[in-house]
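In what follows, a structure is listed as structure tokens, so that the remarks can point back to it.
Within every chain, numbering begins at 1; the chains are lettered A, B, ... in the order of the sequence lines, protein sequences first and strands thereafter. Because only heavy atoms are used, hydrogens play no part in the values below, and waters and symmetry mates are left out as well, while side chains stay in. Predicted model only: the values in this text are computed from it and were never measured.
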There are 2 protein chains.
Amino acid sequence: MDKNVLKFSDLKTTKRRMAILAVLENSALPMTAEEIYSRVINDVHMSLSTAYRTLGTLSEKGILLKNLSQDGKTYYQMNSHQHKHHLVCTLCNSTVPIDDCPLSKIEENLIQQTGFTITGHSLEFSGICPKCSKHSSDAGFND
Amino acid sequence: MDKNVLKFSDLKTTKRRMAILAVLENSALPMTAEEIYSRVINDVHMSLSTAYRTLGTLSEKGILLKNLSQDGKTYYQMNSHQHKHHLVCTLCNSTVPIDDCPLSKIEENLIQQTGFTITGHSLEFSGICPKCSKHSSDAGFND
DNA sequence: TTTTATGCAAAAGATTTGCACAGTA
DNA sequence: TACTGTGCAAATCTTTTGCATAAAA
């Protein structure tokens, strides 16, 4: 399964690539290179630069989606047909996936208005999650 | 006018802060710290770290909006009531502002579904601008 | 055997920080 | 004068790169 993904993109099948794909396939949320790296090295030896190189390659081939988040880190996720955006708590970093991507209609308009070919978009909401806002109001009441 | 903005946020009025605000007020597009810095130093002496510190402070106070873009750089713009999103060409970096922000309805739904307080969002479209796509097809036809 | 992937260490780029001095209120 | 802002240089953090070696086709 994974092997085919790699072969199909003219990439050699290696332990490290398989391991990185396995980690991302089992993750519900996008992960940073560091996060992916530190999980993978539980199973196979690998250098951090290989993690970066592999993630870069897989993103170029369209196997992964690469996204710079407002927290300054780069997140990677499987490029499944149905991509997801997220709502991130600026206090505790808890993250909620957003089910439907509402941008396709908007993109159609943009194409007509600007003549651009649109190849992607990034969308991220930030806010305060219920737990954190509870805690802050607790604190406010010295409770 | 600017002086009031600074006083209102308990910030001292300095030449450098005024200069940075002036640059951003006269810019139709968000700018990076480097871009702002290199314009400002035409008028007043200033170090790059002051530029970063000032931009950070003004963003914290809500006078500026700070945004990490998919190109890996951080962009700043005046926090006017009506913020803008952009469509950026991945080849030549030309940028088109998008007039209306279509996310408020979506945010309302999210608030109900997740219980988050939503404090902001980032949205950026990427694509190929008409010029660049013309050039690439020219190249394709060896023209 | 030829091509591609990897490790290691060093480099790069953007941003932040410590500390002494200068400027504003 | 008291407090805040600024310059400079060094530090930090994430990501990239050069080059020699190892692994895949």
A:Glu60 CD to D:dT16 P, in whole Å, measures 10 Å

In whole Å, I'd like the distance from the CG atom of A:Asp10 to the P atom of D:dA25. 12 Å

Tell me which of B:Lys12 and B:Glu34 sits closer to the 5' end of DNA chain C, going by the nucleotide each one is nearest to. B:Glu34

Mind checking if B:Thr14 touches a base, just sugar-phosphate, or nothing, with heavy atoms under 4.0 Å? sugar-phosphate

Interatomic distance, B:Leu48 CG vs D:dG7 P [rounded to whole Å]: 10 Å

Phosphate OP1/OP2 of D:dT16: any A:Tyr52 side-chain N/O under 4.0 Å: no

If I take atom CD1 from residue B:Ile20 and atom OH from residue B:Tyr37, how far apart are they, to the nearest 0.5 angstrom? 11.0 Å

To the nearest 0.5 Å, atom CG of A:Leu87 lies from atom NE2 of B:His121 at 12.5 Å

If you assign A:Lys15 and B:Ala51 each to the DNA chain D nucleotide with the nearest heavy atom, which residue ends up on the more 5' nucleotide? B:Ala51

Counting heavy atoms not belonging to A:Lys73, are there more than 12 under 6.0 Å from its NZ? no

First and last nucleotide of DNA chain C in contact with chain B, 5' to 3', at under 4.0 Å to a heavy atom: what are they? C:dA14 to C:dA25

Distance test, side-chain N/O of B:Thr57 to OP1/OP2 of D:dG5, below 4.0 Å: no

How is A:Lys73 classified with respect to the nucleic acid when contacts are heavy atoms under 4.0 Å: base, sugar-phosphate, or nothing? sugar-phosphate

How many Å lie between OH on A:Tyr37 and P on D:dT15, as a whole number? 14 Å

Between D:dG5 atom P and B:Leu21 atom CG, what is the distance in whole Å? 13 Å

May I ask you to say what A:Arg53 touches in the nucleic acid, namely base, sugar-phosphate or nothing, with a heavy-atom cut-off under 4.0 Å? base

Can you check whether A:Leu6's main-chain N or O pairs, donor with acceptor, with A:Ser9's side chain at less than 3.5 Å? no

B:Asp71 CG to D:dT15 P, straight-line distance once rounded to whole Å: 14 Å

Under 3.5 Å, side chain of B:Arg17 to main-chain N/O of B:Lys12, donor-acceptor pair present? yes

Between atom CG in A:Leu55 and atom P in D:dT15, what is the gap in whole Å? 10 Å

Counting distance only, does the side-chain N/O of B:Ser69 pair as donor-acceptor with the main-chain N or O of B:Asp71 below 3.5 Å? yes

Whole-Å distance, B:Ile20 CD1 to D:dG5 C1', equals 12 Å

Treating Ile, Leu, Val, Met, Phe, Trp and Tyr as nodes and any side-chain heavy-atom pair under 4.5 angstrom as an edge, say whether A:Ile63 and A:Met31 lie in one connected cluster. yes

Base, sugar-phosphate, or nothing: which does B:Thr32 touch, judged by heavy atoms less than 4.0 Å apart? nothing

